[in-house]
Amino acid sequence: MSTNKERIKNLEAGFGGLQDSFLRMELGVTDKMHHLETTLHKISEALLSKNESISPNASGRLENISIRMENWEQEQDELRMMKNESSGKDRKYEDDGPDPSIMDEDRLPLSRKIPISSSHINPYRMIIVIRLVVVGFFFHYRVTNPVNNAYALWLISVICEIWFAFSWILDQFPKWYPIERETYLDRLSLRYEKEGKASQLAPVDIFVSSADPLKEPPLVTANTVLSILAVDYPVDKVSCYVSDDGASMLTFETLLQTIEFAKKWVPFCKKFDIEPRSPESYFVQKMDKVHVSFIKERREIKREYEEFKVCINGLVSKAQKVPEEGWTMQDGTLWPGNNVCDHPGIIQVFLGQNGELDINGNELPLIVYVCREKRPGYNHHKKAGAMNALVRVSAVITNAPYLLNLDCDHYFNNSKAIREAMCFMMDPLLEKRVCYVQFPQRFDGIDKHDRYANRNIVFFDINMKGLDGLQGPIYAGTGCVFRRQAFYGLYAPKVKQLSSRTCNCFPKWFCRCCSLGRKKKKKGTKPKPETETDKMASKTCAHGSALENTKVGFEGLNTGVEDENSTTIPKAKLEKKFGQSSVLVASTLLEDGGIGTLENASPASLLKEAIHVIGCGYEDKTKWGKEVGWIYGSVTEDILTGFKMHCHGWRSIYCIPERPAFKGSAPINLSDRLHQVLRWALGSVEICLSRHCPLWHGYGGGLKWLERLSYINATVYPLTSVPLLTYCTLPAVCLLTGKFITPELDNNAILWFLSLFLCIFATNILEMRWSGVGVEDWWRNEQFWVIGGVSSHLFAVVQGLLKVLCGVDTNFHVTSKGGGDDAKFSELYIFKWTTLLIPPTTLLIINLIGIFLALLTALRNGYESWGPLFGKLFFAFWVIVHLYPFLKGLLGRHNRTPTIIIVWSILLATIFSLWWVRIDPFISKTNNPVPEN
């Protein structure tokens with residue numbers, strides 16, 4: 001009997017899966033017909049608007065088209081009603097499938113993929129394949145034709161070129177299938193915000209991280225918080241957590257002043273629906289409304305904001321002089337964070353449901369100030385540790401199912417950004433496999449020509465679109481909406497498949513072989529025991545509905561947690577993974593968020609538990625930073641965290657709204673920009689030399705091989721600095737010695753060289769064509785790739801090796817953020833000394849010296865010496881042109897290079913030139929007899 005029951009269940013599940021598949025096909029067809037209908041309506045309206053120039057026959061045709069469209073719509077409505085009446089009661093849908101009781105418009109997808117046009121992408125793919133073939137023939141020629149009189153020079157150049165080809169493959173093939181996406185915010189509102197009912201949109205916890213108020217101006221942080229409070233999302237669904245990792249009373253007082261101003265700013269934003277909702281960015285743009293009432297209120301709120309700025313600037317000025325006894329709060333007690341390295345945890349809750357109201361009597365989103373505990377002797381793990389503290393605090397207080405993390409200088413430029421992300425996160429058709437939605441980073445305050453490639457347009461508009469067609473984009477560190485469950489080290493939910501099939505093998509005749517293999521395995525081997533992570537994944541993802549009803553409170557984890565299959569997760573295992581907090585462990589089992597049975601708990605008890613989970617010793621002997629939360633081990637915790645999620649089978653989404661979701665500030669000064677790139681490159685080197693390196697980590701967990709290539713490229717790219725620095729030195733060597741890296745070229749060699757250059761040129765042109773990236777942005781990216789490669793990346797490799805081999809750690813420097821437009825672009829010309837400037841400056845000088853000496857030699861030797869000189873000069877000019885933005889940064893506003901740079905560079909260039917002339921290693925030495933006089 002049991003066998004028959006199982007067969008009946010399998011048949012029912014199979015029919016349910018088939019019905020679900022047909023439903024998805026129907027939704028897809030309906031969606032396409034909806035787009036076709038909209039397009040035809042637009043065409044008909046455009047043509048009917050020109051009635052004067054349209055013939056009677058044409059207008060008659062248009063009327064027939066509109067009548068046919070109306071008839072088709074009526075027929076579709078009748079068919080839908082018949083389907084709902086006849087089969088609506090008999091269908092069985094999965095828990096996360098679309099609800100059949102709602103209208104078809106309510107069941108349409110919330111987003112869709114937009115593949116790149118075949119006329120754009122197919123030539124691009126063809127030229128990639130052709131370029132790969134040409135590279136093969138090119139290296140065949142280079143390897144089989146050495147330069148006998150300069151063998152070392154030829155060998156070094158070939159090794160460098162092979163590494164460049166390897167780097168190109170890692171960068172190119174993850175861009176094989178780029179896509180774009182479109183969201184439907186109206187459908188999101190139709191499904192989850194019904195008239196007369198409470199909003200069903202999911203709650204979101206927003207994290208704002210700050211570390212140093214002197215390098216990250218408090219006014220910038222205040223504008224970010226103001227844009228969060230004014231976001232276009234249900235107020236009771238938004239909570240803002242501000243992390244002050246510098247324990248600064250200045251940040252705390254700034255937050256107090258920001259809350260007072262928000263009571264006036266938020267009503268103004270929502271009344272007139274303004275964009276952006278950061279006051280600093282809003283007031284610098286031109287007015288787009290001319291109503292009298294709007295102009296009056298705008299002037300009033302602008303005056304209020306100017307007073308707010310004066311107040312914040314006064315706090316900053318006051319903070320420059322620290323009292324000997326430390327800072328004192330308004331009640332006369334000492335500020336707990338006077339000792340930055342030794343202080344208790346601090347949490348302060350503002351606003352929210354029981355907090356103060358705005359000037360119109362409306363509720364404002366919850367704000368929580370968090371400063372985690374710090375004690376000497378503990379490794380606090382910098383930003384990653386601060387973010388994990390926010391994850392735990394938010395799990396205890398609000399436990400929203402989704403998280404959004406922002407840097408303190410990234411504000412909401414699009415108030416509907418959260419809704420854009422929810423179109424993916426809350427879409428049942430995506431089956432809850434999305435771990436995060438990444439938005440591109442856009443920046444304010446960058447010079448017109450983007451001298452140092454601060455916008456990173458090539459990465460955000462080309463590479464990330466390519467990754468979105470695979471398993472999803474890399475986590476970029478800010479502007480990212482996460483699914484909370486993905487932070488808990490769980491594997492992604494498995495794709496539900498029809499139970500009538502025995503396996504997923506192709507071709508079908510292979511299924512029998514697989515079934516035989518499984519039978520043999522059952523007889524001869526024991527089943528592999530489930531790991532703790534696998535158990536947690538199955539219980540949290542597959543049985544989420546059961547866990548929602550699990551009654552877990554302060555005392556609910558004494559014996560363990562049971563799911564619907566009566567499988568118990570021992571309390572000890574949960575606490576070993578998440579820490580000694582029953583409230584936190586209980587919250588991790590709630591897939592859809594919320595605080596469960598703790599709704600009636602007193603705020604004091606929750607606050608006490610929140611203080612407990614941000615203790616500096618809480619993470620000891622747990623999985624935090626290893627499998628749970630932001631992953632430790634690198635200063636670029638973003639790459640490592642996203643990589644671990646993708647290894648667990650999750651996928652990510654890249655969302656590019658028409659209006660940029662977030663905007664931030666970037667270091668436009670040369671030295672600050674190089675230090676920023678140094679930090680990123682150092683983090684990649686740390687990952688490359690760790691056990692989390694994508695070359696050997698994460699196999700068998702769901703990471704696609706092209707996605708793995710992208711992560712390998714993201715971790716090994718700093719190593720390109722060594723061959724790049726060597727290759728940029730070769731032109732000067734060739735000019736000083738009279739030798740070259742290739743022998744005298746014949747027709748076949750010229751053919752392969754020209755073919756390679758044409759393929760490189762065509763690849764870049766076609767890439768810019770399908771991505772929409774401009775030529776100037778692409779060229780700036782190429783230039784800074786060389787500048788950063790011979791400076792920041794090189795130092796990152798050296799520091800990374802010192803850290804791994806010798807244990808020499810490097811300090812983390814927070815990048816300075818802009819504080820407004822009062823001195824716009826003034827930092828662009830400020831010179832700040834750093835050793836990162838020495839290598840590129842030396843390269844410039846030795847190449848210029850080589851060109852000068854080679855031209856003098858050619859003038860002295862006559863016309864015949866100009867032919868061989870052409871290739872060497874082109875090689876040297878290639879280096880100088882790529883370093884030109886760096887040269888402008890050195891010269892400054894008045895073209896005055898600092899003396900220290902001139903002395904260092906001339907000294908190094910002179911030593912190099914004299915040493916080279918003395919040894920002359922690329923000219924063969926012969927012992928010829930000395931002729932007699």
Side-chain angles (χ1 to χ4, degrees), residues 174 206-211 216 243 245 381-391 402-410 421 434-443 456 459-460 463-464 467-468 471-484 486-487 489 624-648 650-655 661-662 664 666 675-688 690 692-694 697-698 703 707-708 710-718 792 796 800 812-815 817:
I206 304 177
F207 297 165
V208 179
S209 57
S210 175
E216 299 167 331
S243 171
D245 215 34
H381 300 288
K382 302 172 183 175
K383 181 181 176 181
M387 299 305 295
N388 282 338
L390 290 183
V391 173
Y402 302 105
L403 311 174
L404 166 61
N405 85 291
L406 293 174
D407 288 343
C408 65
D409 62 315
H410 276 68
V434 178
C435 58
Y436 61 82
V437 177
Q438 177 67 61
F439 292 91
Q441 294 182 16
R442 305 300 189 211
F443 301 98
N456 286 328
F459 174 75
F460 286 111
N463 295 65
M464 297 288 261
L467 294 176
D468 198 18
Q471 199 174 342
I474 293 174
Y475 170 37
T478 183
C480 189
V481 178
F482 287 93
R483 188 182 302 274
R484 185 184 286 270
F487 274 117
W624 285 98
K626 301 172 184 176
E627 294 181 8
V628 181
W630 268 263
I631 306 300
Y632 303 150
S634 171
V635 294
T636 53
E637 71 290 330
D638 45 5
I639 296 178
L640 199 52
T641 302
F643 173 63
K644 294 284 283 188
M645 290 181 180
H646 283 138
C647 286
H648 286 166
W650 297 91
R651 77 148 295 133
S652 53
I653 298 292
Y654 194 49
C655 180
F662 309 100
H675 276 290
Q676 182 188 57
V677 175
L678 170 64
R679 187 174 74 250
W680 295 343
L682 178 59
S684 296
V685 173
E686 290 174 342
I687 298 174
C688 183
S690 70
H692 294 114
C693 179
H697 182 79
L703 184 66
E707 190 80 13
R708 182 178 296 278
S710 70
Y711 274 109
I712 293 174
N713 182 50
T715 53
V716 305
Y717 77 89
S792 300
F812 172 77
H813 297 284
V814 179
T815 305
K817 308 295 192 303

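One is the number of the first residue; the rest follow in order along the sequence.
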Pairwise side-chain contact, Tyr632 with Glu637, heavy-atom cut-off 4.5 Å (strictly under):
no
Aromatic plane relationship, Tyr475 with Phe482 - under 30° parallel, 30 to 60° tilted, over 60° perpendicular:
perpendicular
Criterion side chain to side chain contact (heavy atoms under 4.5 Å, CB included) on Asp409 and Glu216, from CA distance to verdict:
CA-CA 8 Å; Asp409 62 315; Glu216 299 167 331; over 6 Å; no
Heavy-atom side-chain contact between Trp650 and Lys644 under 4.5 Å
no
Taken to the nearest 0.5 Å, the spacing of Asn463 CG from Ser710 OG works out to 9.0 Å
dist Ile474:CD1 -> Glu707:CD (nearest 0.5 Å) comes out at 7.0 Å
Closest approach of Thr478 to Gln441 (non-hydrogen atoms, all atoms of both residues):
CG2-NE2, 3.3 Å
Just jot down the salt bridge (charged side-chain N to carboxylate O under 4.0 Å, His left out) partners of Arg484, sequence neighbours excluded, or say none.
Asp205
Verify, without hydrogens or angle tests, whether Arg679 (side chain) and Thr636 (backbone) share a donor-acceptor contact under 3.5 angstrom.
no
Side-chain heavy atoms of Pro694 within contact of Thr715, under 4.5 Å
yes
For Gly683 and Ser634, which heavy atoms make the closest approach, and how far apart are they?
O-OG, 2.9 Å
Does the side chain of Phe643 reach to within under 4.5 Å of the side chain of Ile631, using non-hydrogen atoms?
no
Residue pair Leu682 / Val635: nearest heavy atoms and the distance that separates them:
C-CG2, 4.4 Å
Could you state the interatomic distance from OG (Ser209) to CG (Asp407), rounded to the nearest 0.5 Å?
4.5 Å
Taking the side chain as everything from C-beta on, heavy atoms only, tell me whether Tyr711 gets closer than 4.5 Å to Ile687.
no
Tightest non-hydrogen contact, residues Ile639 and Ser684, listed as CD1-OG, 4.1 Å
Between Tyr717 and Trp680, does the ring centroid distance fall short of 6.0 Å?
no
For residues Phe487 and Asn388, determine if any side-chain heavy atom of one lies less than 4.5 Å from a side-chain heavy atom of the other.
no
Residues forming a ring-ring contact (aromatic ring centres under 6.0 Å, His included) with Phe439, sequence neighbours excluded:
Phe662
Of the non-hydrogen atoms in Ser792 and Leu678, which two are nearest, and what is the gap between them?
O-CD1, 3.3 Å
Could you label the plane-to-plane angle of the His646 and Tyr436 rings as parallel, tilted or perpendicular, counting under 30° as parallel and over 60° as perpendicular?
tilted
Rounded distance (nearest 0.5 Å) linking atom CZ of Phe460 with atom OH of Tyr654:
6.0 Å
Side-chain heavy atoms of Asn405 within contact of Met387, under 4.5 Å:
yes
For Tyr402, what residues pass the side-chain hydrogen bond (donor to acceptor under 3.5 Å, both in side chains) criterion, not counting sequence neighbours?
Arg483
Is the shortest side-chain N to carboxylate O distance from Asp638 to Lys383 below 4.0 Å?
no
Nearest atoms (heavy-atom pairs only) where Pro718 meets Val685:
CB-CG2, 3.7 Å
Under 3.5 Å, side chain of Gln438 to main-chain N/O of Ala476, donor-acceptor pair present?
yes
In this structure, CE of Met464 is separated from OG of Ser652 (nearest 0.5 Å) by 8.0 Å
